[in-house]
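So the structure is just underneath, and the comments pick up after that.
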2 protein chains.
Amino acid sequence: MNTVSQRTIERLSLYRRRLMVELADKDYIFSHQLAKLANSTAAQVRRDLMHLGYTGVPRKGYKIKDLISCISKFLDPTHIENVVIVGVGNLGKALLTFFKGRRPKLSLVACFDIDENKVGTEIAGVPCYHLNEMPQRIKELKVNIGIISSTENATKAISEMMIAAGIRSIINFTCYPLNIADSENVFLEQIDITASFEKAAYFSKTHLKKL
Amino acid sequence: MNTVSQRTIERLSLYRRRLMVELADKDYIFSHQLAKLANSTAAQVRRDLMHLGYTGVPRKGYKIKDLISCISKFLDPTHIENVVIVGVGNLGKALLTFFKGRRPKLSLVACFDIDENKVGTEIAGVPCYHLNEMPQRIKELKVNIGIISSTENATKAISEMMIAAGIRSIINFTCYPLNIADSENVFLEQIDITASFEKAAYFSKTHLKKL
DNA sequence: GATCAACTGTTTTTTATTTCACAATTTTTA
DNA sequence: TAAAAATTGTGAAATAAAAAACAGTTGATC
Ligand SMILES: NC(=O)c1ccc[n+]([C@@H]2O[C@H](COP(=O)([O-])OP(=O)(O)OC[C@H]3O[C@@H](n4cnc5c(N)ncnc54)[C@H](O)[C@@H]3O)[C@@H](O)[C@H]2O)c1
Ligand SMILES: NC(=O)c1ccc[n+]([C@@H]2O[C@H](COP(=O)([O-])OP(=O)(O)OC[C@H]3O[C@@H](n4cnc5c(N)ncnc54)[C@H](O)[C@@H]3O)[C@@H](O)[C@H]2O)c1
């Protein structure tokens, strides 16, 4: 199968956001200009765009408007996807607030917690239910995408509940490294902020050795 | 130079956290067991550990206690590193609250914002100053690591201020893709949560095609 | 309308990362 | 004490990703 790498998908997402900003200024953009905006190279940009089936014009570049809609057609779900988030502490709340209404095709429809002070309230305009209700709500709302930002120790159980309820994709912000069997065919994105911090600390002292 | 890849550093960070939990239960661990805990493979684990100069014992494995301190010696700064964070909105506050006091060698000493309601207060026990004061504070406190979680449009200017003030490593949570010249020799970690979301959405529909 | 310059799309090459495979080592067992 | 079993450390092979190279277009120029 002509499978597209995760790296390419990430870059396409970034290209689109950069192009949106550019759109105000001009009509066309060259691969080397987009590369600069996205911190990449012209060759890499052209290679990524190959997957879209959209072709630019030599000496003219890519029509920004068309390129954006082509990336959107490629990346975005055809219909609106419902998304849920489990664990609405500091991070969960930040994610909710930020993404609420931001991506038209991704709709944050519910969040879940076990904290009785949160259950029953609305957080950033999104209703918060008790974790117990999650499986039923996921099925009812046909949710395919789940975000976990609970405490670490609850991660595994939550992911199992999600998968059993039919979730197709999980984004895990906790430190717990989920291990999902291939046979489940669930996409997993592990975001390890702690590792990023330790990496930044490590390279703050070492990476300048390449001098 | 025997440079260690970013991927390896990330995994070492994860190994350490997993080992900390394991330590309560047992003394030794095999590469295949650690691999399972870290969602990796035995060969990958052994390869990563090669960099540490710590050797395990065939038929016995790695002494968890020693392995942890060896990873710490390798990853952690020798002395306490001061860290600052710029932009203390929802995300910045979550980061502050989470990391405050969590990593003994990384000390969050100050945060900066331009919101007058925040300047002059303490957030999660960390003093918040006006952005204007940043260069001076960074120099005074010998800060090497800076986190950006401001609004997107301020990112570039903030990074330039940081670099001019002597920061060695930047973690950028905003969507703006920073481009730091190689000659600056500043390590950059770009955390693009938006791309992660769009990736999760993309693969929720497509990745099961490998069936 | 021929020529030039500057781009694109794609093939090839290079580089980086992961996996494999196995000799060397150590413990266990007999 | 010798043989068997299991695990390590690492060179070599395989795979994945990025960069370079280049033929083919296209618009601009004369
Ligand atoms: N905040 C950060 O910067 C940061 C960085 C790295 C990792 N993380 C990880 O992200 C997760 C969330 O971080 P945070 O700062 O928001 O923590 P937090 O303590 O503020 O929030 C955790 C939330 O999860 C809820 N919760 C606990 N168990 C639950 C369960 N079984 N089901 C549903 N909800 C449950 C709690 O009630 C709370 O609301 C943590 O696991 C943390 O390790 C956070
Ligand atoms: N929250 C998320 O889940 C999320 C996800 C992806 C990306 N981001 C990015 O992270 C950044 C922060 O997100 P947030 O949700 O905390 O936003 P926020 O609006 O809650 O916080 C932004 C903070 O930055 C401050 N600020 C603005 N300009 C500044 C400047 N020049 N110097 C210092 N401080 C300044 C604001 O006063 C505010 O306190 C944004 O750029 C956003 O694009 C956030």
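Chain letters run A, B, ... following the sequence lines, proteins first and then strands; every chain starts at 1. Quick caveat, the model's predicted, so the values are computed rather than measured.
- Residues from residues 53-70 of chain B that place a heavy atom under 4.0 Å from any atom of DNA chain C, listed by number: B/V57, B/P58, B/R59.
- With sequence neighbours excluded, no residue forms a ring-ring contact (aromatic ring centres under 6.0 Å, His included) with B/F98.
- Comparing A/Q6 and B/L49, the nucleotide of DNA chain D nearest to each residue sits closer to the 5' end for B/L49.
- Rounded to whole Å, the distance from CD1 on A/I29 to C1' on C/dT8 is 15 Å.
- Residue B/H32 contributes atom NE2, which lies 14 Å from atom C1' of D/dA5 at whole-angstrom precision.
- The side-chain heavy atoms of B/K205 and A/T78, taken from C-beta on, include no pair separated by under 4.5 Å.
- Around the CD atom of B/E133, the shell of radius 6.0 Å holds more than 12 heavy atoms that belong to other residues, nucleotides or ligands.
- Listed by chain and residue number, B/Y129 satisfy the ring-ring contact (aromatic ring centres under 6.0 Å, His included) test with B/F112 (two or more places apart in sequence, or in another chain).
- Looking at heavy-atom distances under 4.0 Å, B/T8 makes no contact with the nucleic acid at all.
- Taking atom CG of residue B/L34 and atom P of nucleotide D/dT7, one finds them 14 Å apart after rounding to whole Å.
- Nearest nucleotide to the B/T41 side chain, out of C/dT10, C/dT18, C/dT19: C/dT19.
- In this structure, A/F203 and B/F187 have parallel ring planes: the angle between them is below the 30° cut-off, well short of the 60° mark.
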Which is it for B/M161 and B/V86 under the side-chain contact (heavy atoms from CB on, under 4.5 Å) test, yes or no, and what are the steps along the way?
CA-CA 11 Å; B/M161 281 171 74; B/V86 182; over 6 Å; no

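- Computed from coordinates, the B/M50 CE to D/dG11 C1' distance equals 9 Å when rounded to whole Å.
- Checking D/dT8, D/dA18, C/dC20 against every side-chain atom of A/Q44, the shortest atom distance belongs to D/dA18.
- Counting to the nearest Å, the C1' atom of C/dT18 and the CG atom of B/N39 are 15 Å from each other.
- Under 4.0 angstrom from either OP1 or OP2 of D/dA18 there lies at least one side-chain N or O belonging to A/R11.
- Using a distance-only test at 3.5 Å, with no hydrogens or angles considered, a donor-acceptor pair links the side chain of B/S149 to the main chain of B/G87.
- Distance, B/F30 CZ to D/dT7 P: 5 Å, rounded to whole Å.
- Going from atom CG of A/L52 over to atom C1' of C/dT10 covers 15 Å, rounded to whole Å.
- Taking atom CZ of residue A/R7 and atom C1' of nucleotide D/dA19, one finds them 14 Å apart after rounding to whole Å.
- When distances are taken from the side chain of A/R46 to each of D/dT8, D/dC22, C/dC20, the shortest belongs to D/dC22.
- Of the side-chain N and O atoms in A/R47, none sit less than 4.0 angstrom from OP1 or OP2 of C/dT8.
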